[in-house]
Amino acid sequence: MNMSVKPQVNITPNGMDYEVIRKVIELISKEYQSQPSLEAISHEVGLEQTKLQKLFTRWAGLSPKAFLQAVTIDHAKRLLAEENLPLLEASYEVGLSGPSRLHDLFVTHEAMSPGDFKSGGEALEIKYGFHQCPFGIALIMATDRGMAGLAFCDPGEEVSAFEDMSNRWKRARYVQDPNATQSYADQIFNPEKWQSDKPIQLVLIGTDFQVEVWQALLDIPIGTATTYSTIADKIGRPKASRAVGAAVGANPISFVVPCHRALGKSGALTGYHWGITRKRAMLGWECGMLENGA
DNA sequence: CGCCATTAGTGGG
DNA sequence: CCCACTAATGGCG
């Protein structure tokens with residue numbers, strides 16, 4: 001499909017910070033069972049404890065210690081327990097200033113079925129770029145109608161991440177153009193830039209069923225989670241939880257379409273295309289977004 | 001009782 | 001045929 005891929009990762013001014021944050025988030029998410037101390041972590045990344053403490057808190061919204069808490073099984077179960085509380089929705093519907101849904105990423109979307117996509121005749125042009133972010137390297141793919149894909153990988157895995165993504169839309173023409181995708185990266189991973197008046201435009205390319213599932217994912221507020229079976233209920237196919245799992249797994253715009261907020265009924269994280277560790281990290285990170293909210 | 005491992009039923013791709 | 005599910009079941013502390 002793609003002959004010569006020459007991945008170029010942008011180096012942002014904060015590149016070094018990103019790298020440290022990424023390492024710490026990954027370390028805690030991976031080793032949370034052994035409760036690593038701040039001392040151990042700072043030794044691992046070669047940064048003085050107090051500096052690390054400050055840097056991490058600035059980026060993740062909560063201290064390393066709190067992050068460690070947020071990443072446990074108990075926390076995941078608590079997210080599910082909260083899903084039944086009717087708290088938020090009612091007030092949104094009527095436009096009241098209810099409990100804040102500050103710090104959520106706003107998106108608008110349109111759907112495109114694989115059929116539409118094909119019948120367009122000429123191949124769709126997809127621009128892509130690699131960008132550093134707290135969860136590793138983000139591969140962003142966009143058409144002129146909006147963002148179509150977001151994948152993650154670790155340094156050195158850029159090519160296989162690109163292949164994974166580009167295999168989903170084989171007929172598209174791919175052009176590496178980090179400048180075109182940079183603004184998405186800036187907005188997505190910087191919560192202070194999440195504003196309802198500047199939503200991110202998404203193009204959902206999938207079957208009807210998949211698009212329905214992805215839309216349901218978009219309804220899950222940040223800092224909360226739901227189960228595959230709850231989503232199945234919601235889209236009117238109560239026995240299709242397994243199929244829902246497959247559709248969630250096929251979500252091409254990870255993180256922005258928050259597939260990491262879908263858990264097994266037991267609270268187990270069950271799976272993530274880009275690694276369970278990353279899923280756990282995202283849930284922990286989102287917990288931090290709520291801290292400085294309201 | 002709680003915590004696995006196994007199994008059968010399941011709907012969509 | 002494959003699967004990022006789940007409820008039911010049985011074994012084992």
Side-chain angles (χ1 to χ4, degrees), chain A residues 1 25-26 29-30 32-34 71-84 111-119 135-136 138-139 148-154 157 160-161 163-172 202-286:
Chain A
M1 230 48 357
I25 288 183
E26 187 187 76
S29 305
K30 201 184 283 178
Y32 71 98
Q33 284 158 332
S34 66
V71 122
T72 61
I73 306 288
D74 281 353
H75 179 253
K77 283 186 180 157
R78 194 162 53 75
L79 294 182
L80 289 180
E82 283 164 6
E83 103 176 294
N84 293 326
M112 198 184 283
S113 76
D116 291 343
F117 175 46
K118 212 180 290 179
S119 66
F135 308 113
L139 166 57
L150 171 51
F152 292 98
C153 66
D154 289 322
E157 300 169 350
S160 58
E163 281 170 359
D164 183 308
M165 291 303 286
S166 54
N167 279 334
R168 298 172 190 232
W169 312 299
K170 293 192 166 46
R171 297 175 45 111
L202 261 36
V203 191
L204 269 27
I205 305 173
T207 65
D208 290 349
F209 180 82
Q210 288 172 333
V211 170
E212 259 192 287
V213 170
W214 300 340
Q215 284 169 339
L217 291 174
L218 286 170
D219 288 338
I220 311 170
I222 188 169
T224 70
T226 191
T227 68
Y228 300 97
S229 59
T230 303
I231 295 172
D233 285 342
K234 203 154 154 191
I235 63 174
R237 275 177 270 330
K239 288 188 234 163
S241 54
R242 185 148 190 179
V244 165
V248 171
N251 166 35
I253 318 181
S254 79
F255 189 69
V256 176
V257 175
C259 51
H260 55 284
R261 296 180 198 154
L263 311 179
K265 197 147 210 168
S266 66
L269 266 48
T270 60
Y272 194 68
H273 191 81
W274 308 107
I276 297 276
T277 295
R278 211 167 248 123
K279 184 173 183 175
R280 192 176 291 115
M282 288 173 183
L283 291 168
W285 187 77
E286 291 192 339

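Lettering of chains follows the sequences in order, A, B, ..., and the numbering in each one begins at 1.
Counting non-hydrogen atoms under 4.0 angstrom, A:Tyr272 reaches a base of the nucleic acid. When heavy atoms are screened at a 4.0 angstrom cut-off, A:Gly245 is found touching the sugar-phosphate backbone but no base atom. When heavy atoms are screened at a 4.0 angstrom cut-off, A:Thr207 is found touching the sugar-phosphate backbone but no base atom.
Residues A:Asp164 and A:His273 approach most closely at OD2-NE2, 2.8 Å, considering heavy atoms.
Checking side-chain atoms of A:Trp214 against main-chain N and O of A:Ala247 turns up a donor-acceptor pair under 3.5 Å.
The phosphate of C:dT6 (OP1 or OP2) has no side-chain N or O of A:Ser241 nearer than 4.0 angstrom. Between A:Lys239 and C:dT6, a side-chain N or O to OP1/OP2 separation shorter than 4.0 Å is absent.
By the 30° and 60° cut-offs, the orientation of the rings of A:His260 relative to A:Phe255 is parallel.
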Test side chain to side chain contact (heavy atoms under 4.5 Å, CB included) applied to A:Leu269 and A:Leu263, step by step = CA-CA 5 Å; A:Leu269 266 48; A:Leu263 311 179; 4.0 Å; yes
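Pair assignment for B:dT10 gives none, since no Watson-Crick or G-U wobble pairing has each distance under 3.5 Å.
For A:Ala240, counting side-chain heavy atoms from C-beta on, the closest listed nucleotide (C:dA4, B:dG11, B:dG13) is B:dG11. When distances run from any side-chain atom of A:Tyr228 to the nucleotides C:dC3, B:dG13, C:dT6, the shortest one goes to C:dT6. The side chain of A:Arg242 sits closest to B:dG9 out of B:dG9, C:dA4, B:dG12.
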